[in-house]
Amino acid sequence: MKSIFKTINAPVQKEGGGFQVRRPLGSIRLDRWDPLLLLDHMAPVYYKPGEAVGAPDHPHRGFETVTYIIDGGIDHFDSQGNKGYLTSGWVQWLTTGSGVVHAEMPSKALLKNGGQSEGFQLWVNLPRKDKMCPPRYQDTPPTNIPIVRENGLQVKVIAGEFKGTTAKIETKIPIIYLDIWLNKIYGPLEFSVPAGFNIMVYCWRGNGKVQDHALPEYQAAFMDTNGDLIKLESSLDESRFLIIGGQPLNEPVKRYGPIVMCTNEEIEQAFEDYHNGTFGNITGYEQRSQQTAAALQTQKLNMK
């Protein structure tokens, strides 16, 4: 059985254009869990009409971003001309590689009508040999995400494998990413993860147990490469867990904001490339900035 190295209560902070996240990984409490760099839980929030905010234009290079939508909707655009719409159950696996400018904005329906918004964004490091690979999107609807169902158990296999069911999303390095719904009637769930993986378990709904230790809502447990067995239990009628991990890269990591490379010189080059236009740009930047400012102003007015 894998042993717990550390548990972290996810602190709350503001990101992007001013939306609230819980961050169990990627803070001073734990900077990274190789090859994982960050996990943001875009905390469940109900927006009134005109309040929804996103993440206007920003650059990325050298890693992968994985966006998983629970509720709400996101319109995304990038400097290579890609655009799309993500809604409940969708996953976007973006390999940023050599660099893109990216914008993630609330859908027109969410901005106009308001509604519930919740999701996750994971950052996965790329090995040095792949950091300058061509950018790639895998926008995956829920119909293409395999689900394992048993009485009292449902497992979405976003990446990797669970009990013989393999994800359809392709990853640059070996990764496991599972969303597990566990009902108390199922009892303890035991399963194996690949040997040599660093693993994190995040309880994002309800309260549960991992490795016979309490794991309350919004807490993450981190397990290193020793062992391969994970044991989960629901302490309430039902609980939700994310199981995320991968094979450590064991390479130098230099990170500055949305750029992740191996040396300071590579970081400097990335920002030089961004500022000289190598990453490209997205038309409509001013409109998205104004939209974000207006939404934040609406939130303030609604609080009075």
Salt bridge present between Lys83 and Asp75 (N-O < 4.0 angstrom):
no

Nearest-0.5 Å distance, OG1 of residue Thr95 to CD of residue Glu170:
9.5 Å

May I ask you to check whether over 12 heavy atoms, not counting those of Gln287, lie within 6.0 Å of atom CD?
no

Just so I know, are the side chains of Ile147 and Val155 near enough to count as touching, which here means a heavy-atom distance under 4.5 Å?
no

Run the ring-centre check on Tyr137 versus His76 and record whether the distance is less than 6.0 Å.
yes

Please determine which of Tyr218, Trp204, Tyr202 meets the side chain to side chain donor-acceptor pair (under 3.5 Å) test together with His41.
Tyr202

Once you measure the plane-to-plane angle for Tyr68 and Phe120, does it fall in the parallel (<30°), tilted (30-60°) or perpendicular (>60°) bin?
parallel

Is there a path of hydrophobic side-chain contacts, each under 4.5 Å between heavy atoms, that joins Val148 and Ile145?
no

In this structure, are over 12 heavy atoms from other groups packed under 6.0 Å from Tyr256 atom OH?
no

Quick one: do the Glu217 and Asn207 side chains pair a donor with an acceptor below 3.5 Å?
no

Would you say the rings of Phe191 and Phe162 are close, in the sense that their centroids are separated by under 6.0 Å?
yes

Give the C-alpha distance, both sets of side-chain angles, the deciding distance and a yes or no for salt bridge (charged side-chain N to carboxylate O under 4.0 Å, His left out) between Arg205 and Glu118.
CA-CA 12 Å; Arg205 191 76 84 243; Glu118 184 176 16; 2.8 Å; yes

Test applied, side chain to side chain contact (heavy atoms under 4.5 Å, CB included); reference residue, Pro35; option that passes from Ile173, Asn250, Val253, Leu126:
Ile173

How many angstroms lie between atom CZ of Arg22 and atom CD of Gln20, to the nearest 0.5 angstrom?
6.5 Å

Which heavy atom of Thr165 sits nearest a heavy atom of Pro146, and at what distance?
CG2-CB, 3.5 Å

Derivation of the side-chain contact (heavy atoms from CB on, under 4.5 Å) call for His102 and Asp57:
CA-CA 5 Å; His102 192 214; Asp57 308 28; over 6 Å; no

Selection residues 257-270 - residue pairs positive for salt bridge (charged side-chain N to carboxylate O under 4.0 Å, His left out), sequence neighbours left out:
none

Report, as yes or no, whether the 6.0 Å neighbourhood of atom CG on Asn276 holds more than 12 heavy atoms from other residues, nucleotides or ligands.
yes

At what distance, to the nearest 0.5 angstrom, does CZ of Arg128 lie from CE of Met261?
9.0 Å

Taking Glu15 first and then Arg23, would you say they form a salt bridge - that is, a charged N and a carboxylate O separated by under 4.0 Å?
yes

Joint hydrophobic cluster, Ile158 plus Leu122, side-chain heavy atoms closer than 4.5 Å:
yes

Linking I/L/V/M/F/W/Y whenever their side-chain heavy atoms sit closer than 4.5 Å, directly or via other members, would Trp123 and Tyr177 fall into one cluster?
no

Answer yes or no: is there a donor N or O on one side and an acceptor on the other, between the side chain of Lys2 and the main chain of Phe197, under 3.5 Å?
yes

Between atom NE2 of His60 and atom OG of Ser98, what is the distance when rounded to the nearest 0.5 Å?
13.5 Å

Under 4.5 Å between side-chain heavy atoms, hopping through other hydrophobics if needed: is there a path connecting Ile230 to Met200?
no

How far does CE of Met223 sit from CE of Met1, to the nearest 0.5 angstrom?
10.0 Å

Taking every heavy atom of Asp130 against every heavy atom of Lys172, the minimum-distance pair comes out as OD2-CD, 4.1 Å

dist Ser235:OG -> Leu182:CG (nearest 0.5 Å) comes out at 9.5 Å

side-chain contact (heavy atoms from CB on, under 4.5 Å) between Leu111 and Gln291: does it pass, once the steps are laid out?
CA-CA 10 Å; Leu111 183 62; Gln291 174 185 313; 3.6 Å; yes

Looking at Phe271, does the NZ or CZ of Arg61 lie under 6.0 angstrom from its six-membered ring centre and within 45 degrees of the ring axis?
no

Salt bridge (charged side-chain N to carboxylate O under 4.0 Å, His left out) pairs, two or more places apart, involving residues 241-264:
Asp31-Arg255

Take atom NZ in Lys163; do more than 12 heavy atoms of anything else shown fall under 6.0 Å from it?
yes

Just by modelled atom types, is the Gly81 backbone N or O under 3.5 Å from a matching donor or acceptor in the Asp78 side chain?
yes

Following the transitive rule for hydrophobic clusters with a side-chain heavy-atom cut-off under 4.5 Å over Ile, Leu, Val, Met, Phe, Trp and Tyr, establish whether Leu249 and Phe222 coincide in one cluster.
yes

Would you please name every residue forming a side chain to side chain donor-acceptor pair (under 3.5 Å) with Asp212, sequence neighbours left out?
Lys231

Are Phe5 and Trp33 close enough that their ring centres sit under 6.0 Å apart?
yes

